[in-house]
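What follows is a short report on a single structure.
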Amino acid sequence: MGIPEVDPTAGSPMLKVGARLLRPRPVRYLVRHIVPRIDPPLLRVSRGRVSTAMVTPELLLTSVGAKTGEQRVTPLTYFTDNGRVIVVASNYGGRRHPAWYHNVRKQPRVTLTAGGYQGTFVGEEVTGAERDRLWELAKNWIPSYADYEKLTQGRTIPILAFTETTE
């Protein structure tokens, strides 16, 4: 079965509406600080089928805290590409990389849960031309990413690719 496939080239009018709704600063604050507390239990109870995002596919990333060593669960938007799960570390346009990014860089073995499926994956940052290709896909798919790029004040937004492992 695996993580449900998400084609970023399929497009959706709802994504364009969602991108416009996320532009105001108070909405970005809500999404950045409140939604991450609501989504994990909501996604667990619904077996990955319902989240506050509604217009974007969500997964739960379970990683080990880079500083604390404690298990952390983070809801993230994703798409798939060539058998990999792709996640953008936009941090809603923040000046710093999100905490989950540092967790994955330190401990790349994670659990991903989406659409009723849960598996063990290994994450790695994508660089160079491949990163540029995925970044263009992401911006065309979710226009908010282009807005976030402007807000970062020069921070390059990382893209991580997760590959399922059987080990």
Side-chain angles (χ1 to χ4, degrees), residues 1-25 27-36 38-40 42-43 46-61 63 73-101 104-105 110 112-117 119 121-164:
M1 177 181 157
I3 295 286
E5 294 283 324
V6 176
D7 180 359
T9 64
S12 163
M14 289 303 293
L15 287 174
K16 307 262 186 251
V17 170
R20 281 194 295 277
L21 292 173
L22 284 173
R23 284 196 172 125
R25 188 177 209 160
V27 175
R28 282 198 323 269
Y29 178 87
L30 177 75
V31 170
R32 188 176 190 178
H33 297 286
I34 307 301
V35 167
I38 298 168
D39 266 355
L42 187 58
L43 284 160
S46 69
R47 296 187 44 102
R49 291 177 176 85
V50 178
S51 76
T52 58
M54 300 302 266
V55 297
T56 59
E58 297 279 312
L59 60 75
L60 289 178
L61 165 74
S63 60
V73 179
T74 309
L76 299 169
T77 298
Y78 79 98
F79 64 92
T80 54
D81 181 76
N82 296 322
R84 303 172 300 170
V85 176
I86 308 299
V87 179
V88 177
S90 67
N91 203 16
Y92 303 100
R95 294 180 192 164
R96 296 185 179 138
H97 298 322
W100 67 261
Y101 165 82
V104 173
R105 294 284 294 165
V110 301
L112 298 182
T113 308
Y117 180 81
F121 290 76
V122 175
E124 68 176 328
E125 187 169 351
V126 181
T127 59
E130 179 67 353
R131 185 245 175 234
D132 296 342
R133 181 185 74 80
L134 292 170
W135 179 237
E136 288 305 313
L137 273 176
K139 288 192 300 183
N140 288 328
W141 180 52
I142 299 180
S144 315
Y145 287 141
D147 294 338
Y148 296 163
E149 186 174 39
K150 294 172 191 165
L151 293 170
T152 63
Q153 297 186 350
R155 174 176 73 89
T156 299
I157 296 176
I159 296 181
L160 283 81
F162 294 89
T163 306
E164 191 162 20

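With respect to Arg131 and Glu136, no salt bridge is recorded, no charged nitrogen being found less than 4.0 Å from a carboxylate O.
For Gly115 against Pro4, the heavy-atom pair with the smallest separation is CA-CG, 3.8 Å. Considering every non-hydrogen atom in both Thr152 and Glu149, the closest pair reads OG1-O, 2.9 Å. Residues Ala89 and Pro98 share a closest heavy-atom pair of O-CD, 3.6 Å. The two atoms that bring Pro8 and Trp141 nearest to each other are O-CD1, 3.2 Å, heavy atoms only. Residues Glu125 and Leu160 share a closest heavy-atom pair of CA-CG, 4.2 Å. Among all heavy-atom pairs drawn from Gly123 and Phe162, the shortest one is CA-CD2, 3.4 Å.
With rounding to the nearest 0.5 Å, the separation of CG in Asp147 from CD1 in Ile142 is 12.0 Å. Atom CG of Leu134 is separated from atom CZ of Phe79 by 5.0 Å, given to the nearest 0.5 angstrom. Interatomic distance, CD of Glu58 versus OG1 of Thr74, reported as 11.0 Å (0.5 Å rounding). In this structure, CD1 in Ile86 is found 13.5 Å from OG1 in Thr77, a value given to the nearest 0.5 Å. Rounding to the nearest 0.5 Å places CG of Leu137 at 11.5 Å from CG of Asp132. Leu61 CG to Leu112 CG: the interatomic distance, rounded to the nearest 0.5 Å, is 6.0 Å.
In this structure, Glu124 places its CD atom where only 12 or fewer heavy-atom neighbours from other residues, nucleotides or ligands lie under 6.0 Å away.
Within the 4.5 Å cutoff, the side chain of Val122 has no heavy atoms near those of the Thr163 side chain. Within the 4.5 Å cutoff, no side-chain heavy atoms of Ile159 are placed close to those of Val87. Residues Tyr92 and Leu151 have side chains not in contact (no heavy-atom distance under 4.5 Å, counting atoms from C-beta outward).
Classified by interplanar angle (parallel below 30°, tilted 30° to 60°, perpendicular above 60°), the ring pair Tyr145/Trp135 is tilted.
Side chain of Arg155 to backbone of Gly94: a donor-acceptor contact under 3.5 angstrom is found. Counting only distance, with no hydrogens or angles, the side chain of Asn91 and the backbone of Gly93 share no donor-acceptor pair below 3.5 Å.
Residues satisfying the side chain to side chain contact (heavy atoms under 4.5 Å, CB included) criterion with Glu164, sequence neighbours excluded, are Tyr117, Phe121.
The one candidate from Ile3, Thr80, Val6 that meets the side chain to side chain contact (heavy atoms under 4.5 Å, CB included) condition with Pro57 is Val6.
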